[in-house]
Amino acid sequence: MSSRPASPDSTVELLVRDTPEEASREAARVLAESATNRLHIALSGGSTPRRAYELAAALLPDWGMASVWWCDERCVAPDDERSNYRLAREALLDRLVVPPRAVHRVQGELGAEAAAAAYEELLRGVRLGLAFLGLGSDGHTASLFPGSALLDGNGRSAAPVEAADVDRVTMTPAVLCAADTVAFLVTGADKAEAAEQAFAREPDPATPGSLIRSTSGRTVAILDRTAAAGLSRVAEAS
Ligand code: 6PG
């Protein structure tokens, strides 16, 4: 069992597990707990969360109390292999015995601006219980990329994003930081530098992950040992 290294950024609770599987199991517990508590849960995409979603479905097959959202989405059709909705459908939603009471998919196929506007309508008056996030090796989270103007806040709850690979829609920092719980799942040695910047250095728009913190509740970063390598270094040095 692992230790919990101290970190200069006291606003983030660090949970370091020995392996990606153990980190995913910890993340699955956070997801299942939120689903039990009738919360609005926003999911992320990329490759890291798939195992956590599978374990969460096994841990809690009844999501009837929860409403599911996406922190971001690629502007593709829902059955496209790049779709964050498709990832969550395959790894979580299709494996549930009782589906969520609401599934609010980003209609990426509409194009970034129209999909963002439609999602903003859906988000009106909604406060997330859990924002479940990843971290890119460049420090981005959701589809908030380094230096993005969205990091300064523009009054929107969801916004279109032009990106190198495919346009996206992202929830904005205002919505993500208003969540009761912000939980990051980060695994792999290729994320060590970004994790150090995001969770052990001063908040910086060059590392959007360093700016997303629950303003009212809990912020937790769940990492495997390789992704946490930089954090241990910082803790030892401090
Ligand atoms: C996306 C995600 C994004 C992801 C990071 C990490 O749509 O790509 O929501 O923010 O969490 O890019 O992705 P990996 O898990 O694939 O490293």
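In this text, all values refer to a predicted model and were calculated from it rather than measured experimentally. Hydrogens, waters and symmetry mates are skipped; everything else that's a heavy atom, side chains included, is used. We count ligands from 1, going down the list as the structure has it; atoms in each ligand are counted the same way.
Ligand 1 places these atoms under 4.0 Å from at least one heavy atom of Leu135: 6 (C). Each of the following atoms of ligand 1 lies closer than 4.0 Å to a heavy atom of Ala142: 3 (C), 10 (O). Listed by number with element, the atoms of ligand 1 under 4.0 Å from a non-hydrogen atom of Arg168 are 1 (C), 7 (O), 8 (O). Within ligand 1, counting atoms from 1 as listed, the ones closer than 4.0 Å to a heavy atom of Gly134 are 11 (O). Close approach of ligand 1 to Asn84 is summarised as follows: ligand atoms under 4.0 Å from at least one heavy atom of the residue are 1 (C), 7 (O), 9 (O).
For Glu113 and Arg156, the salt-bridge test passes: some basic side-chain N is under 4.0 Å from an acidic carboxylate O. No salt bridge links Arg105 with Glu73; every basic N to acidic carboxylate O contact stays at or beyond 4.0 Å. Under a 4.0 Å N-O distance rule, the pair Glu21/Arg25 qualifies as a salt bridge.
Of the protein's non-hydrogen atoms, Gly46 CA, 3.8 Å is the one closest to atom 13 (O) of ligand 1. In terms of protein heavy atoms, atom 8 (O) of ligand 1 is closest to Arg74 NH2, 2.7 Å. Distance from atom 12 (O) of ligand 1 to its nearest protein heavy atom, with residue and atom name: His140 NE2, 2.7 Å. Looking at atom 17 (O) of ligand 1, its nearest protein heavy atom turns out to be Lys191 NZ, 2.6 Å. For atom 4 (C) of ligand 1, the closest non-hydrogen atom of the protein is Gly45 O, 3.9 Å.
Scanning Thr48, Val166, Asp72 for the heavy atom closest to atom 2 (C) of ligand 1 points to Asp72.
Aromatic pair Trp69/Tyr119: centroids less than 6.0 angstrom apart.
Classified by interplanar angle (parallel below 30°, tilted 30° to 60°, perpendicular above 60°), the ring pair Tyr53/Phe132 is tilted. Ring pair Phe145/His140 is tilted by interplanar angle, where 30° to 60° counts as tilted.
Looking at Glu73 against ligand 1, nothing comes within 4.0 Å, counting heavy atoms.
Counting non-hydrogen atoms of neighbouring residues, nucleotides and ligands closer than 6.0 angstrom, the CD atom of Glu162 reaches no more than 12 such neighbours.
One N or O on the side chain of Arg86 and one on the backbone of Asp79 form a donor-acceptor pair closer than 3.5 Å.
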